K.L.:
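Below: one structure in structure tokens.
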Number of protein chains: 2
Amino acid sequence: MGKRMGTVSKALSLLTYFNHGRTEIGLSDLTRLSGMNKATVYRLMSELQESGFVEQAGADRSYRLGPQVLRLAALREAAVPILSVSRRVLRDLSDETGETTHLSLLQGSQLNSLSHAYSPRNATKVMMEDAEVLTFHGTSSGMAVLAYADPAFAEEVLSQPLEARTPETITDPQEIRAQLGEIRSTGIAQSIGGFEADVHSHAVPVFGPDRKVIGALAVAAPVSRMSAKQKQLIPEALRRAGATLTHRIGGSAPADYPQDTTA
Amino acid sequence: MGKRMGTVSKALSLLTYFNHGRTEIGLSDLTRLSGMNKATVYRLMSELQESGFVEQAGADRSYRLGPQVLRLAALREAAVPILSVSRRVLRDLSDETGETTHLSLLQGSQLNSLSHAYSPRNATKVMMEDAEVLTFHGTSSGMAVLAYADPAFAEEVLSQPLEARTPETITDPQEIRAQLGEIRSTGIAQSIGGFEADVHSHAVPVFGPDRKVIGALAVAAPVSRMSAKQKQLIPEALRRAGATLTHRIGGSAPADYPQDTTA
DNA sequence: ACCAATGGTTCGAATAGTGAACCAAATGGC
DNA sequence: GCCATTTGGTTCACTATTCGAACCATTGGT
């Protein structure tokens with residue numbers, strides 16, 4: 001927090017010290033965490049409290065987030081449905097990579113492709129349909145979601161018969177479990193010809209506000225166009241786009257997700 | 001906003017101008033709405049934008065709520081899971097009554113509808129929006145809250161001009177005071193066509209850990225469907241649901257609240 | 001070409017924020 | 001029972017920050 005900031009930014013920065021492990025913070029703790037003067041912190045918190053952004057818990061007088069944030073969140077949701085947000089991210093990602101991109105969301109126990117974007121750069125491209133059901137095994141999006149989903153859910157999916165859409169589809173549960181571990185360590189999934197022949201796709205998970213995976217963002221390219229250069233560019237751009245989308249919809253990645261080191 | 005307020009309160013008060021009818025507001029509009037100087041509004045909004053509380057939409061540069069509010073709402077839920085707890089209660093209550101149910105919470109001096117559930121049983125149903133502002137007079141939820149709120153607060157509400165949303169809305173303060181007394185003796189409020197025509201709604205107060213009213217739980221049905229049987233079933237189910245919700249969030253009703261005798 | 005909007009910027013005057021020091025009330029050793 | 005430390009909360013002289021009238025630069029309508 002080395003920068004010069006106005007009073008409002010200072011006040012709001014106090015809210016950043018709340019997280020899943022620290023839902024209540026006392027005045028003295030906040031003073032230490034923020035490095036500001038105690039009187040300043042007190043006054044700022046008093047104002048935040050008047051506006052309902054924080055409230056004081058009963059026992060000690062430590063602060064926690066107030067009910068007002070719920071109202072704002074409901075309005076944000078009404079103003080910015082995830083899909084419209086994702087469209088811009090998808091278009092930018094398509095422009096950057098020159099390939100087809102799509103977003104899929106976990107709805108119930110089914111993964112649906114819900115939005116996509118094409119790049120005008122290349123005449124040949126991977127075609128997509130919205131509301132297409134994706135299998136978990138054999139698609140990069142499905143694997144990305146599975147890698148970060150509730151382990152019980154993943155096991156349930158793997159316990160069912162796994163259909164091979166193409167000769168390349170991997171259907172051995174043991175091999176898939178191994179791949180999921182690998183995805184968890186890199187934060188990105190890929191599949192070569194697992195769903196459609198000749199398609200090389202990459203995918204990253206998208207997380208919601210509760211840090212749970214809600215879907216996946218993917219880039220699908222013809223294998224013939226996957227040059228060495230593309231093999232580097234696409235994962236990079238995809239990672240960035242995934243982080244952007246997760247952030248724009250108010251989500252945050254779980255602590256164990258491989259974070260972007262260059263902020 | 002005639003009161004003296006610090007910079008932070010001013011900035012946050014700008015956020016109150018967002019609602020369902022106005023999810024995006026331009027600089028000039030905000031200046032007019034708030035009555036502040038344009039330069040002031042601009043600077044405050046710039047700071048809110050830096051913190052991610054608002055963002056500027058693409059086309060014109062009008063502002064809308066930013067993704068940061070979703071993160072805070074998720075944390076608030078982690079600390080005080082009212083919404084997630086209420087969702088289950090609402091769903092059960094909708095299933096039991098066959099009607100639309102909703103929860104509203106008192107935020108500052110404003111009552112906001114924050115969560116709702118529909119019943120699949122009937123094709124016609126009362127529709128709801130989250131984050132809608134409810135009037136105290138003319139809604140069963142508002143009356144339920146007012147009946148158990150600080151008397152000084154109730155009087156302040158009644159001293160202000162009471163708008164009639166429908167021809168059925170009761171706007172006479174004296175008559176409202178009489179109704180509040182009645183609500184206190186029965187523990188349940190009802191309104192027929194006071195907010196939306198042809199809607200018969202019942203509401204019970206919800207209490208926090210300090211025994212103060214924090215909001216209301218309501219059932220809204222089309223008047224045409226309010227048979228004698230429903231007129232008995234709904235209040236019963238609502239009372240039970242209200243007690244359950246108050247209990248689940250760690251609250252307790254004040255001593256003078258008409259308690260469920262059959263525990 | 002004009003006018004009336006819009007978003008954005010400037011700068012001296014005035015207000016609002018700052019922080020060291022200070023309370024009173026809980027805690028916690030011992 | 002006592003001293004020491006910690007807590008949340010408050011004061012007040014100093015000054016940095018915010019305020020607001022007036023200003024620009026664009027845009028869109030006629």
Side-chain angles (χ1 to χ4, degrees), chain A residues 1-18 21-67 79-80 88, chain B residues 1-19 21-66 76 79-80 208-210 212:
Chain A
M1 311 268 106
K3 287 223 167 188
R4 290 175 207 179
M5 33 176 27
T7 312
V8 175
S9 299
K10 277 185 197 165
L12 296 179
S13 78
L14 289 175
L15 298 179
T16 66
Y17 297 105
F18 291 94
R22 255 198 146 79
T23 57
E24 295 191 4
I25 313 184
L27 177 59
S28 297
D29 279 340
L30 253 184
T31 302
R32 273 188 291 276
L33 284 168
S34 64
M36 301 181 202
N37 184 280
K38 187 167 52 154
T40 303
V41 173
Y42 178 69
R43 207 169 11 78
L44 295 178
M45 290 307 279
S46 296
E47 285 204 70
L48 289 174
Q49 187 170 22
E50 262 178 56
S51 305
F53 276 69
V54 300
E55 62 185 13
Q56 281 180 298
D60 48 359
R61 283 161 210 169
S62 62
Y63 297 94
R64 67 176 173 211
L65 291 167
V80 186
R88 282 237 301 284
Chain B
M1 304 275 109
K3 291 217 169 188
R4 291 183 199 178
M5 38 179 23
T7 312
V8 176
S9 297
K10 278 183 196 163
L12 296 180
S13 79
L14 289 175
L15 299 179
T16 65
Y17 297 105
F18 290 94
N19 58 47
R22 248 184 213 294
T23 57
E24 295 193 3
I25 312 184
L27 177 59
S28 298
D29 280 340
L30 253 184
T31 302
R32 272 188 292 275
L33 285 168
S34 64
M36 302 180 200
N37 185 279
K38 187 165 55 152
T40 304
V41 173
Y42 178 69
R43 208 166 14 75
L44 294 179
M45 289 307 280
S46 296
E47 283 204 72
L48 288 174
Q49 186 170 25
E50 261 177 57
S51 306
F53 277 71
V54 300
E55 61 186 12
Q56 282 181 297
D60 49 357
R61 283 162 213 172
S62 61
Y63 298 93
R64 67 173 173 214
L65 291 168
R76 159 75 183 183
V80 185
D210 52 3
K212 287 187 185 150

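This is a predicted model, so every value here is computed, not measured. The chains referred to below are lettered A, B, ... by the order of the sequence lines, with proteins before strands, and numbering in each begins at 1. Hydrogens, waters and symmetry mates are skipped; everything else that's a heavy atom, side chains included, is used.
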K.L.:
Could you list the residues that satisfy side chain to side chain donor-acceptor pair (under 3.5 Å) with A/Glu47, not counting sequence neighbours?
P.N.:
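Testing A/Glu47 for side chain to side chain donor-acceptor pair (under 3.5 Å), a comparison that skips the adjacent residues, returns B/Ser9.
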K.L.:
Which pairs, protein N/O on one side and nucleotides 3-7 of chain C N/O on the other, fall under 3.5 Å?
P.N.:
from  : atom 1 : to      : atom 2 : distance (Å)
C/dT6 : OP1    : B/Arg32 : NH2    : 2.9
C/dT6 : O5'    : B/Ser28 : OG     : 3.3
C/dG7 : OP1    : B/Leu27 : N      : 2.8
C/dG7 : OP2    : B/Ser28 : N      : 2.6
C/dG7 : OP2    : B/Ser28 : OG     : 2.5
C/dG7 : O6     : B/Lys38 : NZ     : 3.3

K.L.:
Look only at the side chain of B/Thr16 and the backbone of B/Ser13, and say whether a donor-acceptor pair between them is shorter than 3.5 Å.
P.N.:
yes
K.L.:
Can you check nucleotides 17-21 of chain D for protein contacts, nitrogen or oxygen pairs under 3.5 Å, and list what you find?
P.N.:
from   : atom 1 : to      : atom 2 : distance (Å)
D/dT18 : OP1    : A/Thr7  : N      : 2.9
D/dT18 : OP1    : A/Thr7  : OG1    : 3.0
D/dC19 : OP1    : B/Lys10 : NZ     : 3.4
D/dC19 : OP2    : B/Arg43 : NH1    : 3.2
D/dC19 : OP2    : B/Arg43 : NH2    : 2.5
D/dA21 : N7     : B/Asn37 : ND2    : 3.3

K.L.:
Under 4.0 Å between a side-chain nitrogen and a carboxylate oxygen: does that hold for B/Glu55 and B/Arg61?
P.N.:
no
K.L.:
Kindly compute the distance separating CZ (A/Arg43) from CG (A/Leu48), expressed to the nearest 0.5 Å.
P.N.:
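Reported to 0.5 Å precision, the distance equals 11.5 Å.
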K.L.:
Among all residues two or more places apart in sequence or in another chain, which pass the side-chain contact (heavy atoms from CB on, under 4.5 Å) test with B/Lys212?
P.N.:
B/Asp210
K.L.:
Whole-Å distance between C/dT18 P and A/Met45 CE?
P.N.:
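Value for this atom pair: 14 Å.
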K.L.:
Nearest 0.5 Å, what's the NZ-OG1 distance between B/Lys38 and B/Thr31?
P.N.:
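Reported value, rounded in 0.5 Å steps: 7.0 Å.
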K.L.:
Distance check, rounded to the nearest 0.5 Å: B/Leu30 atom CG versus B/Tyr63 atom OH?
P.N.:
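It is 8.0 Å, given to the nearest 0.5 Å.
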K.L.:
In terms of side-chain heavy atoms, does B/Gln49 have a donor or acceptor partner in B/Gln56 at a distance below 3.5 Å?
P.N.:
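Note: B/Gln49 and B/Gln56 side chains meet the donor-acceptor criterion.
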K.L.:
Got a donor-acceptor contact below 3.5 angstrom from the B/Thr40 side chain to the B/Met36 backbone?
P.N.:
no
K.L.:
Within the sub-3.5 Å range, which N or O atoms of nucleotides 25-30 of chain D have a protein N or O partner, and how far apart are they?
P.N.:
none

K.L.:
So, using salt bridge (charged side-chain N to carboxylate O under 4.0 Å, His left out) as the criterion, who are the partners of A/Arg32 when residues are at least two apart?
P.N.:
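In terms of salt bridge (charged side-chain N to carboxylate O under 4.0 Å, His left out), with neighbours along the sequence ignored, A/Arg32 is linked to A/Asp29.
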